[in-house]
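Working notes for the structure below.
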Amino acid sequence: MKNFFRISFLIALFFGFQFNSNAAEKVEYLKTDWSFKGPFGKFDRAALQRGYQVYQEVCSSCHSMKYLSYRNLVEEGGPEFSVEQAKAIAASFEVKDGPNADGEMFMRPGRLSDKFVMPYENEKAAQAANGGAYPPDMTVLVKARGGGVDYIYSLLQGYEDPPAGVTLDDGVYYNKYMYGNKIKMSNQLSDGLVEYSDGTNASVEQMAKDVTTFLMWTAEPHLETRHKMGFKAIVYLIILTVLVYFSMKRIWSRIETKV
Amino acid sequence: MSEHEYTPKSKVGKWFNDRLPLLTLANHLTDYPTPKNLNYWWTFGGILTFCLITQIVTGLVLAMHYIAHADMAFQSVEHIMRDVNYGWLIRYIHANGASMFFLAVYIHIFRSLFYGSYKSPREVIWIIGIIIYLLMMAAAFLGYVLPWGQMSFWGATVITNLFSAIPFVGEGIVTWLWGGYSVDNPTLTRFFTLHYLIPFLILGLVVLHIWALHVPGNNNPIGIDIKKPSKDTVPFHPYIVIKDGFALLMFMIVFAFFVFYTPNILGHADNYIEANPLVTPAHIVPEWYLLPFYAILRSVPDKLLGVIAMLSAILILAALPWLDTSKIRSAVFRPLYKQFYWILVADVLILGYVGAMPAEGLYLLIARIATAYYFLHFLVILPVLGFKERTTPVPLSITEPILGGSPNLAAVKKKDSFKDQ
C-alpha cells in the first residue's frame, strides 16, 4: 500500500505544479455559491430561465450563441422550458430560409430545430457596429476564459471609474477584472434592468449570477448527466476495486511467504 | 517461445495450432514466468496498454463525427460535445486520456530509470520504448491541433516553425509541412491523417516492446538475473493479471475523477476560442506533459541550438544503456545513484514548472540551470558514478538471502514482502 501513497503523492505533485502554473497572474474574483459546482452540482432551473431572459434582453443584441438551438431550451438538464414556451421563443425570431421554388431567400418564424439567430450578418458587421471590437460568441465563453464563471460574474460587476493617471479612449471602459483593465463593452447591467417574471428582484448581482449560470449551461449542456454518471461510475469502480483487492490477496496467499 | 512444448488438448485445437500456433502463444502468455517480487511500479505497463486501447477506441468514434476542415473543425467538436450521443463523454475520455497516458508513461520511464531496467540485456526493449514515447509526443501534439482552437493553431505554428531553424532548407521544410505559407486547412487535414496513423504504429511497436521483453523476461526490484521458471517466479496468470487489474482499477478511479468532475482542468481555456490567425494568445503554452522539453527549448538563446538541445534531451535517453556504466541494475544497491535519481526527478519537475512560466528573469535562470543539470546527469554523473560508486551487496536470488549473511538482508526482505500486503 505504501507505493500507492507514493504514486498519489507524485500525481498530486504533478498536477499541483500544473494548477500553480495556471494560477499565475490572477486577480481575486468575486465569489458566489454556484449550484452546479461539486460532484453533485445541478443547475438551478429558475436561475437558468432568468439567465436566458437576461441573455435575450441584454446580451443577445451584440453576442451570438451560434452552437445553441431553440430545441436545447427544452432538453433535460437545461432551463427546461416547456415545448410550447420554447416554440413561442423560437417563433419570435425571424429566420432566413430558402431558396424557395423561385430561387428566392425568404424570412419565416423560427422553429425549435433552428440555431439561435445571430445578431449580425458576419464578423465584419459585428466589428463595424462595435467600434472595431468583435463581441465574442457566448456559447462556450465560460470555458474560453481562465477564470471561468467567477471571471464572467466578476467582470459584469467590475466597472468603475478609472484610477488617476489612466486615460481611456472613446468607447473604452475601465473594468478591474478585465485583462489589462480596458474593455470595449460598456457597463450593461443596472438594477431593475429586466423584469423577472418570477418576481425575483433584478439586482445587478442577481442578473450577473443568473446570466453566468445560463452561460455555464450553454458551455456544458450535459453537466448534470456528467455529474450523475460520474458518481455512479466511481462508486462502481471502488466496489470492483475492493472485490479485486480481496481476490488478489486470496490468489497470492497460495505463494509461500517465507523469504 | 519455440522451446515451449505445448499441445492443445482438443483435436480441433491441435489441428489449428499445427497450422497457426496461436494457442501456443496464448499458453506462453499465461505461463510466462514473472519475478514474484515485482512492486506496483511494474503495473504501469499494463496500464499503458489500457491507455493505448482506450485512445484508439474513443478516437475511432470521434473520427466518425469530426470534420477535418479549418472552417468546420471547431464547430464539429462542439457538435460532438452537444448533439452526438455521449459525445461529451467520449471526447473528455480521449482528451484526458492523453494526459493519463503521459502520466503513466512518465511513471513507467522513471521506474525503469530507478531499477536500471534499460541495462543489458534489455537495451532493445528500452530503445523501442523511447521510439514509442517520441511517437506519443507526436500523436499528442497532432491531436491537440485538431479542435482548431487558438492554442491548437498557435501551438502548431510555434512547433512547425522549429523546423525553420534547420540551416538552408529550414524554410522550405516548414512550407512543405504546412502545405502552404501558413498553418491552414492543408495543415489540418494532414495532421488529422497522421494523428490517425500514429496510434497504430505505436500499437505495432508495443507488440515488439512486449516481444522483446519476453526474451530476457522482466527485470525486478532487486535487479538480478533469475532462473525461470523457479521459486523466484510466478506464472503471469493469475498472479500478475489480478495484480495489474487491481492497479488498473485504482488508475481508472483517478481517470474517472478527471473525466467526470474536472474535464477541462488539464487543457488551456484559449482552446475554446476558435482559431484566429490574426490574434496571438498572450502566452502560447504546450500541454503539461511537454513542458519540461519546452523549458529546455526556451532556455537556449539560439533557435537552432535550442531545437538541438530539446531533441537531444529526448534522444540522450536512447544512449542511456551505454552512458550508465554501472554493472548493478537496481538503485536499491546504489546509494549514490539513488540520491542523484531523486535530484533528476526534482530537476524534471522544475523544468516542467518553468516551462509553464514566461521565459524571463528568474524563471529563465532556473530553466538554464535545470537544463544544464539535466545533461550533466546523463553525460557526466552517470558514466562517472559507474566507476566510483561503492554498491552494497546484491542477493543471489529473490527467495534466498545473500550467502554469508548480508548487512542488506533487511532491504531484501522489505522488497520481497509485498506479497504479504
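Labels below follow one simple rule: chain letters A, B, ... track the order of the sequence lines, proteins then strands, and each chain is numbered from 1. Computed from a predicted model, the values in this text were never measured in an experiment.
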Trace of the side-chain contact (heavy atoms from CB on, under 4.5 Å) decision for W252(A) with V234(B): CA-CA 10 Å; W252(A) 276 84; V234(B) 289; 4.1 Å; yes
Evaluation steps, side-chain contact (heavy atoms from CB on, under 4.5 Å), between L89(B) and M229(A): CA-CA 10 Å; L89(B) 177 62; M229(A) 192 192 280; 3.8 Å; yes
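Using a 4.5 Å cut-off between heavy atoms, S69(A) makes no contact with chain B at all. For chain B, no part of R250(A) is nearby; none of its heavy atoms comes within less than 4.5 Å. Neither the backbone nor the side chain of L243(A) comes within contact range of chain B, judged by heavy atoms closer than 4.5 Å. In this structure, chain B has no heavy atom under 4.5 Å from any part of Y236(A).
Between P238(B) and I251(A), the shortest heavy-atom contact is CG-CG2, 3.8 Å. What you find for G146(A) and A269(B) is that their closest heavy atoms are N-CB, 3.7 Å. Between R71(A) and D83(B) the shortest heavy-atom distance is NH2-OD1, 3.2 Å. In terms of heavy atoms, S247(A) sits closest to I242(B) at CB-CD1, 3.8 Å.
Among Q150(B), R82(B), E274(B), M81(B), the residue making the largest number of heavy-atom pairs under 4.5 Å with chain A is R82(B). The choice from G230(A), G41(A), G38(A), P136(A) that makes the most heavy-atom pairs within less than 4.5 Å of chain B is G230(A).
Residues satisfying the ring-ring contact (aromatic ring centres under 6.0 Å, His included) criterion with Y261(B), sequence neighbours excluded, are H227(A), F257(B).
No more than 12 heavy-atom neighbours from other residues, nucleotides or ligands sit within 6.0 angstrom of OH on Y363(B). At most 12 heavy atoms of other shown residues, nucleotides or ligands fall within 6.0 angstrom of atom CG in D33(A). Within 6.0 Å of NZ on K143(A) lie more than 12 heavy atoms contributed by other residues, nucleotides or ligands. Residue K182(A) qualifies as open at atom NZ: its count of foreign heavy atoms under 6.0 Å is 12 or below. Annotation for K124(A): atom NZ does not count as buried by contact number, only 12 or fewer foreign heavy atoms lying within 6.0 Å.
Side-chain atoms of V140(A) and E78(B), non-hydrogen and from C-beta on, do get closer than 4.5 Å to each other.
Note that the CD1 atom of I234(A) and the CZ atom of F260(B) stand 7.0 Å from one another [nearest 0.5 Å]. Considering OG1 of T241(A) and CG of L248(B), their distance stands at 9.0 Å, rounded to 0.5 Å. The distance from the CG atom of D137(A) to the CD1 atom of I273(B) is 11.5 Å, given to the nearest 0.5 Å. Rounding to the nearest 0.5 Å gives a distance of 9.0 Å between CG of L223(A) and CH2 of W88(B). Atoms CD1 and CD1, from I238(A) and I253(B) in turn, are 5.0 Å apart once rounded to the nearest 0.5 Å. Atom-to-atom distance recorded for M248(A):CE and F246(B):CZ is 5.0 Å, nearest 0.5 angstrom.
The contact list for residues 214-221 of chain A toward chain B, using heavy atoms and a distance under 4.5 Å, reads T218(A), A219(A), E220(A), P221(A) by residue number.
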